[in-house]
Amino acid sequence: MARHLITSALPYINGIKHLGNLVGSQLPADLYARYLRARGHEVMFICATDEHGTPAELAAAKTGEPVADYCARMHGEQSALARGFGLSFDHYGRSSSDRNRVLTQHFAGRLADAGYIAEVSEKQVYSVDDGRFLPDRYIEGTCPNCGYDKARGDQCENCTKQLDPTDLIDPRSAISGSTNLEVRETKHLYLRQSALKDRISAWIDSKTDWPILTTSIARKWLNDGEGLQDRGITRDLHWGVPVRRGDQPWPGMEGKVFYVWFDAPIEYIAATAEWADANGKTDADWRRWWRRDEGAEDVTYTQFMGKDNVPFHTLSFPATLIGSGEPWRMVDYIKSFNYLTYDGGQFSTSQGRGVFMDHALEILPADYWRWWLLSHAPESGDSEFTWENFQQSVNKDLADVLGNFVSRITKFCRSKFGETVPEGGSYGPEEAQLIEALTTRIRAYEATMQGIEVRKSAAELRAIWVLGNEYLQSAAPWSTFKTDPDRAAMQVRLGLNLIRLYAVLSAPFIPFAARAMLEAMGTADDRWPDDVAAALAALPAGHAFTVPDVLFAKITDEQRAEWEERFKGVRQ
RNA sequence: GGGCCUGUAGCUCAAUGGUCAGAGCAGGGCGCUCAUAACGCCUUGGUUGGGGGUUCGAGUCCCUCCGGGCCUACCA
């Protein structure tokens, strides 16, 4: 038994997340966590909402709520949706927690003591009417290059030219439209990543088994131009972790907060502390996951994220941990994902384009989404969601291959033997062959799951389901029943045991259906099939079961057409 | 502009430089009747984006062109 720490990238607080967000981090992380637990490992699976930053303040302003209230409410909503999707976090924390405030200030203090913090005075655009400094992209104006009148201060979307806010003609606040802007001097703290470049670079170089997507992004940032740049870690905002040097005030930084990307990864640690607080545990209980000097030496730490998060997890957060000089557990493996696209374009939270977690659960059970998203996870490149593909895959894989298998064997048994595992008969060569085939497939499934090869794992699992149908077809208990009822009884007994086996193997992908299958089989035995032959004897003759309701109703053409129509425009 | 990823059957994807480029779905045929008209078996289908090169051998390595995507450090 090993100890596995798993974190999913933190979903940002401003609104319901779409399916692309889900498949890029939380869902594959959950798959891995569930698998490792099923194999008997000790797992700490952590996620949290990322609550600080300008977009949260603006989203709250839009609803008229105080930002703390807004975040609390949205955390509740995201938390409920996470449960709805079966995301099995050990704790779903909040980056606005006290634990994170203290820890973030602690890291800043340690970094300052070690000489990795620089104070930099810089000029930024201030909007007098909004009463706030504006990030570059919150300034709009006319592009000096192409004349586009909605160019942002960081880049013109029309001609893709990179800009400075001061380049814009007739600049205005993207928040209020106010043109009452001025450039003001402000002081900020910078994390001196450049001073840690060699250590980070050596660390990245040691990770030879990471996805190319992960390391190539990291190397680009490390080596591009003048190499890894220092990064501002404070902002002139009200909502965030107040800048303090450990537990001491930071002269000259009053009223400022840490940058959201500084405190967000620290929340992985803080959320584990929140877990301890919420479960009556001690500090030692969470520190044994994170401190190498307090028990975390044998922890394997895996992070899941979309590709946009990679720079922060390969560079900034490691810089924070290394620079602290303290023995924190560093990540062992970063699994990164490309994007899911929606009918040819991007999913977009800000534009409300695509299918969102709340709507998805309104129209179909979580397992439909989990199965499709995981079996089409954007691992090697972006992958596309289309309703047609979704309908086809789900109907074929879940309803026809798995659901129908459960249905045919339970109903046949009920009509010939009653709702009890039948007695009699013994294995022949066909059964030996099945067990051998299952064993081969299951070992392959374990290997791809261990390697976090999500799509391949789904394909292996599906192939395991198919073996059941192949067996039933060739064993044909409906025929043998007429001539050799004992033999038919053995075949059906094996089939019923396959249902339990499939429930166990499938639970990481489709936990709700797996539970329904176990319940129908009248068992709580969810032991992993290390020995397939033994696993297929778990339900003995005489064991009572029930015929379950249809596990997966098919998606009809009418439903598909309706949803295609409903979700083709913009949310709300 | 720079960097990275990507292009394989109608669709979604596989293939440590090494048999005849493979699966699933879709299409075609046959079988079965326990089952959610479900399942099983067989089968059609590819100049691996174009062109050049290295090699005994290239989907895989190199060059080049074309297409798609992402990132480019003050959104997160």
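Because the structure is a prediction, the values reported are computed rather than measured. Reminder, nothing fancy here: chain letters follow the sequence lines and each chain counts from 1. Any value given below was found using the heavy atoms of this structure, including those in side chains, with hydrogens, waters and symmetry copies removed.
- A straight line from CD1 of A:I217 to C1' of B:A73 spans 13 Å, rounded to a whole angstrom.
- In this structure, A:D397 atom CG and B:C11 atom C1' are separated by 14 Å, rounded to whole Å.
- Relative to the side chain of A:K456, the nucleotides B:C11, B:A15, B:U36 differ in distance, and B:A15 lies closest.
- Here B:A35 sits opposite no nucleotide as a Watson-Crick or G-U wobble pair (both hydrogen-bonding atom distances under 3.5 Å).
- Set against B:U36, B:G31, B:A76, the side chain of A:D308 has B:A76 as its closest nucleotide.
- Rounded to a whole Å, the CD atom of A:E379 is 11 Å from the P atom of B:C13.
- Using a 4.0 Å heavy-atom criterion, one finds that A:S393 contacts no nucleic acid atom at all.
- Side chain of A:K411, nearest nucleotide from B:A35, B:C75, B:C13: B:A35.
- The nucleotide whose nearest atom lies closest to any side-chain atom of A:K220 is, among B:C70, B:G3, B:C75, B:G3.
- A donor-acceptor distance shorter than 3.5 angstrom exists from the side chain of A:N497 to the backbone of A:L539, with no hydrogens or angles considered.
- Taking 3.5 Å as the limit, the base of B:A73 and the side chain of A:W221 contain no donor-acceptor pair of atoms between them.
- For A:D382, whose side chain is taken as the heavy atoms from C-beta onward, the closest listed nucleotide among B:G69, B:U36, B:A76 is B:G69.
- Between A:K554 and B:A38, a side-chain N or O to OP1/OP2 separation shorter than 4.0 Å is present.
- Nucleotides B:A15 and B:G59 are separated by 15 Å at their P atoms, to the nearest Å.
- No side-chain N or O of A:Y471 forms a donor-acceptor pair with one of A:Q491 less than 3.5 Å apart.
- Looking at A:Q124, its side chain comes within 3.5 Å of the base of B:C74 through a donor and an acceptor atom.
- The OH-P distance, from A:Y445 to B:A23, rounds to 23 Å in whole Å.
- If you check B:U47 for Watson-Crick or wobble pairing at under 3.5 angstrom, you find it has no partner at all.
- Distances from the side chain of A:N469 to the nucleotides B:G40, B:A76, B:A73 place B:G40 closest.
- Using Watson-Crick or G-U wobble geometry with both donor-acceptor distances under 3.5 Å, B:C41 finds its partner in B:G29.
- Proximity of A:R408 to the phosphate of B:C34: no side-chain N or O atom is located under 4.0 Å from OP1 or OP2.
- At the heavy-atom level, A:Y339 lies under 4.0 Å from the strands shown only through sugar-phosphate atoms.
- Residue contacts shown for A:F552 include a base, since a base heavy atom lies under 4.0 Å away.
- As the counterpart of B:A23, B:U12 is assigned, both hydrogen-bonding distances of the Watson-Crick or G-U wobble pattern falling under 3.5 Å.
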- Evaluate the criterion side chain to side chain donor-acceptor pair (under 3.5 Å) for residue pair A:W465 and A:S506; output intermediate values, then yes/no. CA-CA 9 Å; A:W465 296 339; A:S506 309; 3.0 Å; yes

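- Residue A:E119 qualifies as enclosed at atom CD: its count of foreign heavy atoms under 6.0 Å is above 12.
- If you check every strand for non-hydrogen atoms under 4.0 Å, A:V260 touches sugar and phosphate atoms only.
- For A:Q473, whose side chain is taken as the heavy atoms from C-beta onward, the closest listed nucleotide among B:G31, B:A35, B:C74 is B:G31.
- A:G15 comes within 4.0 angstrom of nothing in the nucleic acid, heavy atoms only.
- Of the P atoms belonging to B:G1 and B:G18, the separation is 36 Å, rounded to the nearest Å.
- Judged by distance alone with a 3.5 Å cut-off, a donor-acceptor contact links the side chain of A:N404 to the base of B:A35.
- Base pairing analysis places B:G7 opposite B:C66; the two distances defining the Watson-Crick or G-U wobble pair are each below 3.5 Å.
- Remark: A:K396 is in phosphate contact with B:C39, judged by side-chain N or O atoms under 4.0 Å from OP1 or OP2.
- Computed from coordinates, the A:F262 CZ to B:A73 P distance equals 21 Å when rounded to whole Å.
- Between A:F304 and A:F337, the two ring planes are parallel [angle under 30°; tilted spans 30° to 60°].
- Rounded to whole Å, the separation between the P atoms of B:A14 and B:G2 comes to 29 Å.
- The P atoms of B:C11 and B:G46 are separated by 13 Å, rounded to the nearest whole Å.
- Within the 4.0 angstrom heavy-atom criterion, no nucleotide atom of any strand lies near A:V492.
- Across all their heavy atoms, A:A82 and A:M357 have their closest contact at N-CE, 4.4 Å.
- B:C70 and B:C13 are spaced 16 Å apart, taking the P atom of each and rounding to whole Å.
- When the P atom is compared between B:G29 and B:G17, the two are found 41 Å apart, to the nearest whole Å.
- Atom CG of A:L472 is separated from atom P of B:A35 by 12 Å (rounded to the nearest Å).
- The listed nucleotides are B:C34, B:A15, B:G40; the one nearest the side chain of A:E470 is B:G40.
- Among the nucleotides B:U36, B:G31, B:C25, the one closest to any side-chain atom of A:Q392 is B:C25.
- With respect to A:E460 and A:K456, no salt bridge is recorded, no charged nitrogen being found less than 4.0 Å from a carboxylate O.
- A close approach under 4.0 Å does not occur between any side-chain nitrogen or oxygen of A:Y471 and OP1 or OP2 of B:C39.
- A:E122 comes within contact range of at least one nucleobase, with a heavy-atom separation under 4.0 Å.
- A stacking contact links A:W478 to B:C34: the aromatic ring centre lies within less than 5.5 Å of the base's six-membered ring centre, and the planes differ by less than 30°.
- Geometrically, A:R192 does not engage A:Y116 in a cation-pi contact, judged by NZ or CZ lying under 6.0 Å from the ring centre and within 45° of the ring axis.
- In this structure, A:R455 does not reach the B:U12 phosphate: none of its side-chain N or O atoms is under 4.0 Å from OP1 or OP2.
- Look at OH on A:Y259: it is 6 Å from P on B:C75, rounded to the nearest Å.
- The side chain of A:R462 approaches B:G24 more closely than any other nucleotide in the set B:C4, B:G24, B:G40.
- Between A:Y12 and A:D400, the residue whose closest nucleotide on RNA chain B is further toward the 5' end is A:D400.
- For the pair A:L551 and A:S383, nearest-nucleotide mapping onto RNA chain B gives the more 5' position to A:S383.
- Across all strands shown, A:R235 has heavy atoms under 4.0 Å from sugar-phosphate atoms exclusively, and none from any base.
- Side-chain contact check for A:N389 and A:W372: at least one donor-acceptor pair (N or O, by modelled atom type) lies under 3.5 Å.
- Rounded to a whole angstrom, the distance from the P atom of B:U8 to that of B:U60 is 13 Å.
- The OH-C1' distance, from A:Y342 to B:U12, rounds to 18 Å in whole Å.
- Rounded to whole Å, the P atom of B:A58 lies 26 Å from the corresponding atom of B:C66.
- Among the protein residues, A:G53 comes within range of the sugar-phosphate backbone only, with heavy atoms under 4.0 Å from sugar or phosphate atoms but none that close to a base.
- Ring planes of A:F390 and A:W387: perpendicular class, angle over 60° (limits at 30 and 60°).
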